[in-house]
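Have a look at the structure below, then the notes.
Hydrogens, waters and symmetry mates are skipped; everything else that's a heavy atom, side chains included, is used. Remember, it's a predicted structure, so these values are computed and weren't measured experimentally.
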Amino acid sequence: MKRPVLLIDGLNLFMRHFVVNPTIDDSGNHVGGVVGFLKSLGYLVTRVNPSRVIIAWEGGGSARRRAIYKDYKNNRRPQKLNRYYGDQIPDTVENRNSQISKIVSILRSVPVDQIYIDDCEADDIIGYIVKNKIQERSVIASSDKDLYQLLSKKTIQWSPGQKKFITKKDLIDKFGISATNFCTARSFIGDSSDGVDGVKLAGFRSLSKRFPELSEDAFFSVQDVFDSCKKIEDKKKLKLHNNIIESIDLAKRNWKLMYLDITNLSAEQIKKIDFSLENKCKSANKMQLLKSISKLGIKNFDIDSFYSNMIIVRKNNV
């Protein structure tokens, strides 16, 4: 059986470590995001044993989504550092961006592919690749629920927060919603982290209870949910049914914001993703890796083990 492709939501994985890892370099600068990211990457490679690693980075957000809804992700609160310092180290955008830049540079020394597309979200890159570019099994590394809609027999998701693999069966067990219909359900529920309002009283359990079709593998659309509500006699309608009927335009807008397909990608963005995928990275340069990490002044990071782990990817590509 062919080994899976490992797809990593770069910023999502980085931020988990940026906010909790207190590692400081020799100059007193915070580098916990770098260290945590690299350790997680090494762990995932040994755990998944992939034929290829693709890291998708955020490209400044989706211009097409902002055109649909101007307040999309506008009200996101900055994540605070979840750690204690005797002397407070400022959680600056400059420090965060500097660490991401260092990760990108370090990873040029190991056989992983990095994709960055202007005005494009990592979710869209991953969704496009899973749906259109790979036939083999895939593992997505991210804690983002937006990616649950991609789960299938051949695609699972590693949750860094839960430290477990999420399968389509897990969605049924936890939410009562199938992967096929996960985006439909979320179109009514909304996403507060992205500033996307939902329909009042709509939650995973209430939707799965009132619309059992959402737990099936067959696709059940936003319009199907609306039509089901309309068919119910007025005297039997619940408040949820009426809310859905009154907010159908909101739910349809949310579908456009949340569904992962090529509609939120331009032809030029797709062309750039395809080009990046075709130019597969197989090179590995241990001396360059040593120089890059040594410049950071990081202590207690096993470079030899990290390099050995990453070489697994190149061996699996032979």
Side-chain angles (χ1 to χ4, degrees), residues 1-14 16-17 36-57 103-104 106-117 122-144 146-171 179-180 217 260 270 272-286 288-289 302-318:
M1 183 181 291
K2 194 168 183 179
R3 302 186 190 281
V5 174
L6 175 59
L7 296 144
I8 297 176
D9 182 346
L11 183 62
N12 182 276
L13 184 62
F14 166 78
R16 289 201 60 80
H17 299 287
F37 185 98
L38 295 179
K39 287 183 176 180
S40 283
L41 176 59
Y43 170 79
L44 282 168
V45 167
T46 57
R47 182 78 184 266
V48 175
N49 197 16
S51 61
R52 187 175 187 181
V53 176
I54 300 171
I55 301 174
W57 293 103
I103 291 172
V104 170
I106 289 170
L107 294 182
R108 294 192 181 113
S109 302
V110 292
V112 303
D113 300 305
Q114 302 185 79
I115 301 180
Y116 173 95
I117 308 295
D123 292 358
D124 290 314
I125 295 172
I126 293 171
Y128 171 72
I129 293 172
V130 168
K131 287 185 172 182
N132 300 282
K133 303 304 293 185
I134 56 177
Q135 300 300 319
E136 57 266 52
R137 293 177 297 133
S138 56
V139 177
I140 300 169
S142 176
S143 59
D144 193 341
D146 289 338
L147 296 165
Y148 284 176
Q149 62 184 277
L150 301 176
L151 301 187
S152 66
K153 289 182 179 179
K154 70 171 188 175
T155 302
I156 61 175
Q157 184 167 332
W158 169 259
S159 171
Q162 300 178 59
K163 293 182 172 56
K164 61 175 287 189
F165 290 107
I166 309 296
T167 67
K168 54 186 294 187
K169 181 179 181 300
D170 291 318
L171 299 188
T180 304
D217 285 333
L260 299 177
I270 291 173
K272 289 179 179 179
I273 296 172
D274 289 343
F275 178 80
S276 297
L277 292 174
E278 290 164 6
N279 290 271
K280 185 182 296 186
C281 176
K282 296 182 180 179
S283 63
N285 188 326
K286 189 173 183 178
Q288 185 59 46
L289 179 67
D302 192 335
I303 299 176
D304 290 330
S305 293
F306 174 74
Y307 185 78
S308 297
N309 291 339
M310 299 310 299
I311 289 301
I312 292 172
V313 181
R314 189 172 68 174
K315 290 178 179 178
N316 289 341
N317 256 308
V318 175

Is any side-chain heavy atom of Leu38 closer than 4.5 Å to a side-chain heavy atom of Leu107? yes
Ile115 vs Leu277, side-chain contact (heavy atoms from CB on, under 4.5 Å): CA-CA, chis, key distance, verdict: CA-CA 8 Å; Ile115 301 180; Leu277 292 174; 3.9 Å; yes
What's the separation between atom CG in Asp9 and atom CD1 in Ile54, rounded to the nearest 0.5 Å? 13.5 Å
Pro111 versus Val53: any side-chain heavy-atom pair under 4.5 Å? no
Please report the interatomic distance CG(Asp123) to CG(Leu147), rounded to the nearest 0.5 Å. 4.5 Å
Can you tell if the side chain of Asn309 reaches within under 4.5 Å of the side chain of Leu41, non-hydrogen atoms only? no
Ile129 side, atom CD1; Arg52 side, atom CZ - distance, nearest 0.5 Å: 7.5 Å
What distance separates Ile126 CD1 from Ile140 CD1, expressed to the nearest 0.5 Å? 6.0 Å
Pairwise side-chain contact, Val104 with Tyr116, heavy-atom cut-off 4.5 Å (strictly under): no
Specify the closest pair of heavy atoms between Gly42 and Phe306, including all atoms of both residues, with the distance to one decimal. N-CE1, 4.2 Å
If a pair satisfies side chain to side chain donor-acceptor pair (under 3.5 Å) and one of its residues is in residues 153-170, list it, with sequence neighbours excluded. Ser138-Thr155, Thr167-Asp170, Lys169-Asp173
Is Asp274 salt-bridged to Lys133, going by a charged N under 4.0 Å from an acidic O? yes
Residue pair Asp113 / Ser276, side-chain heavy-atom distance below 4.5 Å: no
Side chains of Val139 and Leu7: does their closest heavy-atom pair fall under 4.5 Å? no
Distance (rounded to the nearest 0.5 Å) between Leu11 CG and Phe37 CZ: 9.5 Å
So Val112 and Leu6, do their side chains get closer than 4.5 Å, heavy atoms only? no
Only counting residues at least two apart or in another chain, list the ones meeting salt bridge (charged side-chain N to carboxylate O under 4.0 Å, His left out) with Asp146. Arg186
For Lys131 and Leu260, indicate whether the former's side chain and the latter's backbone hold a donor-acceptor pair under 3.5 Å. yes
Provide the closest heavy-atom pair for Arg16 versus Pro160 in the form atom of the first, atom of the second, distance. CD-CB, 3.4 Å
What heavy-atom pair brings Ala179 and Tyr148 nearest, and what distance separates the two atoms? CB-O, 3.7 Å
Would you say the side chain of Glu136 lies within less than 4.5 Å of the side chain of Arg3, judging by non-hydrogen atoms? no
Provide the closest heavy-atom pair for Leu289 versus Ile303 in the form atom of the first, atom of the second, distance. CD2-CG2, 4.0 Å
Output the distance between atom CG (Asn49) and atom CG (Leu44), rounded to the nearest 0.5 Å. 12.0 Å
